[in-house]
Amino acid sequence: MTKVAVLHTSFVFVTVEPVITDLINELIPGVEILHFVDSDVLATVVREQGISARSEERMVLLARAAEAAGADVIFSACSSLGPTLDAAGRAVRVPVIKIDEAMALDAARFDRIGVLATVPTTLGPTGELIAGKAAAVGRTPLIVQRLCPGAFDVLMAGDRERHDDMVAMQASSLAAEVDVIVLAQASMQRLVPRLEAETGVRVLSSPRTGVEHLAHVVRTQAAAGLGQ
């Protein structure tokens, strides 16, 4: 049985919003899911207002723990710590996949891109990832960043309705300036239909596209194993 390790920087996708586990079970049925959580590293990045060498090392250690547990592929569920996954990928011998990489590639096709986040540390990494994907194909889109302050804390406290209303209000304002809205955190994924209906613009979210990419990697691994 293929083992998929999911790296978390909070318990939101383990206890509050299990969208990633649900998508893996839907798109890659039969795999074993292992969860590895450093519930303090995101808070540290927020407190320090950036990713320190120590925070990067913590994500590397998390990836190494996943590999030691027998993971065949590692999936990072945190966009804020996305830049650390490059170092993690060099430290292990199994594939390491970022949740928002496929979404960023899709977003890079648009001319005016809005990035909406509920955690401030996610704005920079998501914007930089999109800009990098665009630059790779010779494009320089306008990227507008928008924070929905306090919404993530409200979600963690269990008030989904208030969280959703806060995000929707910011999305409506942002939509006037952009052609597409990128939801920088997977915790907003279930809001895509509502936001598209209310704003009239395309809304992109990472979980499904990220897990679809993960599924492709798992199938490729399986095919390679059968061919040996």
Side-chain angles (χ1 to χ4, degrees), residues 1-38 42 59 62-63 65-67 69-86 88-89 92 94-109 115-119 122 125-126 129-130 132-133 152 155 160 164 167 180-196 202-225:
M1 180 183 294
T2 298
K3 291 185 177 181
V4 174
V6 184
L7 308 187
H8 302 272
T9 58
S10 81
F11 283 102
V12 66
F13 294 129
V14 180
T15 60
V16 179
E17 198 75 55
V19 60
I20 293 172
T21 298
D22 292 345
L23 283 169
I24 292 174
N25 286 328
E26 174 193 341
L27 298 173
I28 330 173
V31 300
E32 181 180 354
I33 305 172
L34 311 175
H35 294 284
F36 292 81
V37 185
D38 183 335
L42 179 57
M59 293 303 293
L62 211 60
E67 182 182 43
D72 298 294
V73 60
I74 295 171
F75 186 74
S76 172
C78 181
S79 297
S80 291
L81 275 294
T84 69
L85 273 298
D86 297 326
V92 298
V94 298
V96 177
I97 299 169
K98 299 177 184 179
I99 190 171
D100 51 2
E101 193 151 10
M103 177 186 69
L105 188 61
D106 192 9
R109 300 181 296 107
V115 178
L116 181 61
T118 58
V119 176
T122 311
T126 302
L129 183 61
I130 294 170
K133 296 297 183 184
F152 188 75
L155 178 64
R160 286 190 183 187
D164 295 356
V167 171
V180 64
I181 294 175
V182 172
L183 302 181
Q185 282 127 246
S187 53
M188 296 184 278
Q189 185 267 344
R190 59 191 167 73
L191 285 170
V192 170
R194 172 181 173 178
L195 298 183
E196 288 189 331
R202 177 87 180 276
V203 178
L204 304 179
S205 183
S206 58
R208 179 166 287 275
T209 55
V211 176
E212 285 173 347
H213 180 45
L214 171 65
H216 173 73
V217 172
V218 169
R219 287 192 294 267
T220 300
Q221 283 184 327

Student check: side-chain heavy atoms of Thr209 and Leu204 closer than 4.5 Å: no

Nearest-0.5 Å distance that lies between atom CG in Leu85 and atom OG in Ser76: 3.5 Å

From CA spacing to verdict: side-chain contact (heavy atoms from CB on, under 4.5 Å), Leu155, Thr118: CA-CA 10 Å; Leu155 178 64; Thr118 58; over 6 Å; no

Gap separating the CD atom of Glu101 from the OG atom of Ser206, nearest 0.5 angstrom: 12.0 Å

Leu116 side, atom CG; Ile181 side, atom CD1 - distance, nearest 0.5 Å: 6.5 Å

Residue pairs, two or more places apart or on separate chains, that pass salt bridge (Lys or Arg N to Asp or Glu O under 4.0 Å) and touch residues 23-38: Glu26-Arg208, Asp38-Arg58

Any donor-acceptor N/O pair, Ser79 side chain to Ala184 backbone, under 3.5 Å: yes

Non-neighbouring partners of Asp86 that pass side chain to side chain donor-acceptor pair (under 3.5 Å), sequence neighbours left out: Lys98

Test side chain to side chain donor-acceptor pair (under 3.5 Å) applied to Ser80 - qualifying residues, sequence neighbours left out: Thr121, Thr122

Distance (rounded to the nearest 0.5 Å) between Ile99 CD1 and Leu81 CG: 12.5 Å

With Gln189 via side chain to side chain donor-acceptor pair (under 3.5 Å) - residues at least two apart: none

Listed partners of Asp106 passing salt bridge (Lys or Arg N to Asp or Glu O under 4.0 Å), at least two apart: Arg109, Arg202

4.5 Å side-chain heavy-atom contact, Ile74 and Leu62: no

Audit row: Leu195, Val167, side-chain contact (heavy atoms from CB on, under 4.5 Å) steps and yes/no: CA-CA 9 Å; Leu195 298 183; Val167 171; 4.2 Å; yes

Nearest non-hydrogen partners of Phe152 and Ser10, listed with the distance: CZ-OG, 4.1 Å

Flag side-chain contact, heavy atom, 4.5 Å: Met103 against Leu129: no

side-chain contact (heavy atoms from CB on, under 4.5 Å) assessment of Val73 paired with Val31: CA-CA 11 Å; Val73 60; Val31 300; over 6 Å; no

Ile33 side, atom CD1; Ile24 side, atom CD1 - distance, nearest 0.5 Å: 4.5 Å

Test item: Val192 and Glu196 side chains (from C-beta on) under 4.5 Å apart, heavy atoms: yes

Stepwise side-chain contact (heavy atoms from CB on, under 4.5 Å) test for His35 and Thr21: CA-CA 9 Å; His35 294 284; Thr21 298; 3.3 Å; yes

For Asp72, salt bridge (Lys or Arg N to Asp or Glu O under 4.0 Å) partners two or more places apart: none

Euclidean distance, Ile28 CD1 relative to His216 NE2, rounded to 0.5 Å: 12.0 Å

